[in-house]
Number of protein chains: 2
Amino acid sequence: MARKSATGRIGIADVAVKAGVSHATVSRVMNGNFTVDPDIAARVRAAAVELKYQPNPVGRSLALGKTDTIGIVVPDLANPTFQAILRGLSRAAAEDGYRVLIADSFEVSSEEAILAGEARRRCDGLVLCAPRMSDAELEEIAPSLHPLVLINRTTAAAGIPSLVVDYGQGVQDLAEHLVGLGHTRLAFLAGPAGSASNGLRLEGLEAFKTRHPQVAVTMLDGGSDFDTGHGAVDSVLASGATGILAFNDLVAMGLMSGLHERGVDVPGDISVTGFDDIPFARYTTPTLTTAAVPIAELGGQAWRELRALIRKEDHDAPGSRYQPRLEIRASSGPAKAPRTAAHG
Amino acid sequence: MARKSATGRIGIADVAVKAGVSHATVSRVMNGNFTVDPDIAARVRAAAVELKYQPNPVGRSLALGKTDTIGIVVPDLANPTFQAILRGLSRAAAEDGYRVLIADSFEVSSEEAILAGEARRRCDGLVLCAPRMSDAELEEIAPSLHPLVLINRTTAAAGIPSLVVDYGQGVQDLAEHLVGLGHTRLAFLAGPAGSASNGLRLEGLEAFKTRHPQVAVTMLDGGSDFDTGHGAVDSVLASGATGILAFNDLVAMGLMSGLHERGVDVPGDISVTGFDDIPFARYTTPTLTTAAVPIAELGGQAWRELRALIRKEDHDAPGSRYQPRLEIRASSGPAKAPRTAAHG
DNA sequence: GGCAAGCGAGAAAGCGTTTTCTCAGTGCTG
DNA sequence: CAGCACTGAGAAAACGCTTTCTCGCTTGCC
């Protein structure tokens with residue numbers, strides 16, 4: 001009786017029949033339109049409650065041209081950074097009644113554009129974290145993705161806010177910190193080649209090198225996870241550096257773990273710094289010196305930018321630049337006297 | 001010209017006009033229906049490419065009665081366990097062309113039912129992690145959420161697969177491990193009161209206590225995060241226990257950090273165990289003895305169960321029970337001789 | 001008392017697809 | 001050569017909702 005629609009679910013028509021009115025009236029009541037007679041409205045509401053009617057969001061989306069959903073594309077859901085962005089975004093969006101659809105590209109950059117397009121079409125807007133996508137491709141697809149907010153990327157395409165963390169500044173701050181502790185041989189354990197944020201770090205290090213020509217900075221290949229750091233122990237030791245700038249906290253933790261296994265003391269023999277200040281960074285042994293990025297806040301800001309775009313507030317798509325804050329903990333310490341001196 | 005629909009986006013109608021056919025034919029071509037003349041099909045495809053036509057998923061969903069999207073409700077997106085489930089689920093679902101909509105209840109259990117309902121209506125199925133929801137409420141709403149898969153909960157409602165980790169067994173294994181090392185005074189740093197998985201652990205401990213009446217097991221109030229563990233140092237020390245079973249790895253890490261600050265040696269003075277084997281557990285100092293839960297696999301299995309339900313394969317909604325695997329690392333060691341003995 | 005204004009609710013037209021139904025046209029067969 | 005089966009494409013209905021349009025009824029004023 002109640003279930004007459006083809007899908008087997010209660011529809012607006014069922015409520016209309018039960019209340020003895022047209023579906024138009026039911027719709028009006030459900031949407032708080034006050035041009036409905038209070039008696040009828042009450043009858044409709046009673047019928048809706050009795051039938052446990054819940055409007056079908058798909059029909060609603062089609063009629064309204066909006067889904068109350070936003071999408072986010074991340075390269076790796078296992079990465080704490082993206083988890084935190086997702087969390088901040090989800091929380092902020094939820095407060096405004098929006099839901100979040102996730103698309104994990106699993107580091108397959110060729111998938112990113114397709115995923116982004118698909119996600120965008122299902123949603124009212126998109127947050128894109130695509131560190132590996134080429135600038136050209138990004139610029140090409142960006143307009144079709146509008147409303148769009150970029151994380152840690154910028155593009156020449158117009159009207160696209162970018163939220164970028166100033167990794168260049170952060171890595172310089174960390175390097176200065178190490179130099180201030182007397183280190184003269186540094187090594188940078190790089191992130192994935194082609195990653196935008198790795199590029200920013202490299203630029204920062206170039207600036208640092210011109211400012212401190214006397215400091216040797218070795219570049220080591222790396223990645224973005226534990227295992228990268230753990231596997232880099234040999235090359236780190238071979239470099240002879242006493243201060244190691246790891247790509248991020250994960251790499252730093254992996255490295256510290258590896259150094260610990262080799263009996264290398266941190267920070268006695270070698271100082272290690274991370275990047276991001278993930279929650280775990282303050283619980284490692286020794287606690288990790290790092291550059292703190294207000295990452296959950298970044299997720300929240302991404303939502304606010306996106307919301308402005310969705311609401312078509314003229315807002316000039318300013319975007320924001322986040323300055324990392326140096327977080328000095330126990331993994332960095334004074335440089336050890338050079339080995340030769342210790343020898344004698 | 002191309003953009004004539006009200007939304008400003010290219011629709012099937014635009015392609016139809018461009019190709020000089022009806023929308024029905026365009027739809028047929030786009031869906032690979034072979035009853036279309038190859039010449040016309042080619043013309044349609046050319047038009048679609050030229051206009052960059054992409055079908056509107058909302059219209060498609062309405063017509064097909066499916067969204068190719070599933071939802072997941074989690075109590076706390078900041079918890080590595082749920083992150084891992086989400087990741088496993090997302091990856092498995094993506095392989096079958098499904099997307100994941102997330103709903104974070106932020107530990108507000110009164111929201112869980114509403115969130116679950118909303119998410120469900122937008123999706124083809126739902127994975128529900130709602131450890132705090134009452135059995136009664138769960139049983140009441142479960143039928144309306146079908147297809148539904150439960151994580152770490154069971155319900156009397158029919159046809160609902162449950163994926164549960166055997167926390168009771170896991171905690172017993174850990175306790176046995178500590179007893180085997182000579183510990184006779186244990187303490188359990190409990191999780192959130194009312195949490196289903198905490199209940200399972202408590203049941204396991206009861207079983208353990210009846211089997212080992214000579215072992216003292218102190219119950220301490222707790223929570224599920226770092227700060228809980230860190231803040232529990234006093235009560236842990238006051239308990240006089242030498243073997244601490246933390247609710248999960250996060251709590252264990254917080255506790256170890258707090259003990260370290262107090263100069264208490266782990267495992268020399270006190271042994272600490274966690275639960276879950278989150279990726280960080282093998283990088284703490286000392287590395288953490290824990291019970292490993294194949295959590296990402298659980299996400300994948302959740303998808304397979306849900307898929308079977310969506311496809312209406314008769315599958316008897318078996319669900320699965322996951323046995324944690326004891327992961328002995330460095331945070332647990334032989335019990336110290338009683339303090340009195342050391343005194344003399 | 002008759003007419004205009006106003007209000008409230010039903011009818012119907014979308015929203016963008018898919019899919020069934022229908023029918024024109026072609027090519028066989030008898 | 002006529003009729004029939006069959007193929008292939010357009011017309012139209014359906015999915016479930018919102019919203020405009022329209023119209024009947026009531027009310028108020030002259």
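Here is the naming used below: chain letters follow the sequence lines, and residue numbers restart at 1 for every chain.
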**Student:** Measure CZ/R60(B) against P/dG16(D) and give the value in whole Å, please.
**Tutor:** 17 Å

**Student:** Of all of residues 22-30 of chain B, which get a heavy atom below 4.0 angstrom from DNA chain D, listed by number?
**Tutor:** S22(B), A24(B), T25(B), R28(B)

**Student:** Provide, to the nearest angstrom, the distance between the NZ atom belonging to K66(B) and the C1' atom belonging to dT17(C).
**Tutor:** 13 Å

**Student:** Between the main-chain N or O of R28(B) and the side-chain N or O of N31(B), is there a donor-acceptor pair closer than 3.5 Å?
**Tutor:** no

**Student:** Counting the atoms with a prime plus P, OP1 and OP2 as sugar-phosphate, which does V58(A) contact under 4.0 Å by heavy atoms, base, sugar-phosphate, or nothing?
**Tutor:** nothing

**Student:** Mind calculating the distance between CD (Q54(A)) and C1' (dG16(D)) to the nearest angstrom?
**Tutor:** 14 Å

**Student:** Is any side-chain nitrogen or oxygen of N31(B) closer than 4.0 Å to OP1 or OP2 of dT18(C)?
**Tutor:** yes

**Student:** Starting from P on dA9(C), measure out to CG on N33(A) and report it in whole angstrom.
**Tutor:** 10 Å

**Student:** State whether the number of non-hydrogen atoms from other residues, nucleotides or ligands found under 6.0 Å of R43(B) atom CZ is greater than 12.
**Tutor:** yes

**Student:** Should R132(B) and E112(B) count as an ion pair when the cut-off is N to O under 4.0 Å?
**Tutor:** no

**Student:** Check this for me, if you would: do D104(A) and R87(B) make a salt bridge, where the nitrogen-to-carboxylate-oxygen distance has to be below 4.0 angstrom?
**Tutor:** no

**Student:** Expressed in angstrom and rounded to an integer, what is the separation of L64(A) atom CG from dC15(D) atom P?
**Tutor:** 20 Å

**Student:** Hey, what do you get for CG (L148(B)) to CD (E305(B)), rounding to the nearest 0.5 Å?
**Tutor:** 11.5 Å

**Student:** Rounded to whole Å, please give me the gap between CD1 in I40(B) and P in dG10(D).
**Tutor:** 6 Å

**Student:** Rounding to an integer number of Å, can you tell me how far I12(A) CD1 sits from dT19(D) C1'?
**Tutor:** 11 Å

**Student:** Does S162(B) use its side chain to pair, donor to acceptor, with the backbone of R153(B) at less than 3.5 Å?
**Tutor:** yes

**Student:** For S197(A) and N152(A), which I'm curious about, is there any donor-acceptor pair between the side chains at under 3.5 Å?
**Tutor:** no

**Student:** At under 4.0 Å between heavy atoms, what does Y53(B) touch on the DNA or RNA strands: base, sugar-phosphate, or nothing?
**Tutor:** sugar-phosphate

**Student:** To the nearest angstrom, how far is I10(A) atom CD1 from dC15(D) atom C1'?
**Tutor:** 17 Å

**Student:** Find which nucleotide of DNA chain D each of G20(B) and A63(B) is nearest to by heavy atoms, and output the residue with the more 5' nucleotide.
**Tutor:** G20(B)

**Student:** In terms of the nearest nucleotide of DNA chain C, which residue is placed more toward the 5' end: D37(A) or L62(A)?
**Tutor:** D37(A)

